[in-house]
Amino acid sequence: MPDVDASIDPDQPKRVLAVYAHPDDPEVSCAGTLARWADEGAEVHLVICARGDKGATADGSDPAGLVERRADEADAAAQVLGLAGHANLGYPDGEVENTAELRAELVERIRSLRPDVVVSCDPTAVFFGSRYVNHHDHRSVGFAVLDACAPAAASPLYFPASGPPHQVGTIYLSGTLEPDTWEDIVMTVERKVEALCCHRSQVGDESDLVGEVVRRRAASAGADAGLAYAEAYRVMRFRF
Ligand SMILES: [Zn+2]
């Protein structure tokens, strides 16, 4: 059991940029936190890097139709969470790489939005137990976000055409094997369930089952910090 007083984050961000690989990743990872911050007055933006064209398990699925469907699902989920804006960069699923092109796109958004908090996935998490290898796109996006924040967005000679430099204050990394900060989602866990259920192409129509899984995972994360429901993060702070 960690030191609870030190591990529950007291910060309330003003402007947040979450960056994830696939359209349903934020709902799985950090939706309770994003909804709570939005409720508390933060301006919360979301960028998804991949268009979701390979998120199917049945042979013969139509990738273009899936992309359209998933864009509608992302719109609905963003409304549930109270996001100020969301966008998709349109990379093909499975082909997101930590390239200068992707970092330039992220730096441009960081410099124009000027978030104090950025949220993404921990790219160093590869093996979750013996049954899940973290997706290539998740790892690529996590590293691209870290590189875009530190040092690129804050350094004027990196991507000089992408606006004035901006130092991100804090990065929250979800899907981590080394959590050190727990966000209370007691008030928003049902919105997390509702938002995840918007991604029907991925989770189907079993909303009761989705709710059970989300609540069980949130309760498990919360137990580490003395909270009924929580999302856990590894946090990097760059405030000087
Ligand atoms: Zn994903």
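Whatever order the structure lists ligands and atoms in, that order sets their numbers, starting from 1. The structure displayed is predicted, hence computed values, not measured ones.
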Point to revise | Phe238 reachable from Leu173 in the ILVMFWY side-chain graph, under 4.5 Å edges | key: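 Per the 4.5 Å side-chain linkage, Leu173 and Phe238 are co-clustered.
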**Study point:** Heavy atoms from other residues, nucleotides or ligands near CZ of Phe127 exceed 12 (cutoff 6.0 Å)
**Key:** no
Point to revise | Arg234 atom CZ, neighbour heavy-atom count above 12 within 6.0 Å | key: yes
Exercise for review: Could you give me a count of protein N/O/S atoms that are under 2.8 Å from the Zn ion (ligand 1)?
Suggested key: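 That number is 4, waters not included.
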Review point. Given a cutoff of under 4.5 Å between side-chain heavy atoms of I, L, V, M, F, W and Y, with clusters grown through shared members, what are the other residues clustered with Leu66?
Key: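 Members alongside Leu66: none; it stands by itself.
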Point to revise | Side-chain donor/acceptor of Arg70 to backbone N/O of Val67, under 3.5 Å | key: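 Between the backbone of Val67 and the side chain of Arg70 there is no qualifying donor-acceptor contact (under 3.5 Å).
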Review point. Going by distance alone, is a donor N or O of one side chain under 3.5 Å from an acceptor N or O of the other, for His136 and Glu97?
Key: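 Per modelled atom types, His136 and Glu97 side chains form a pair under 3.5 Å.
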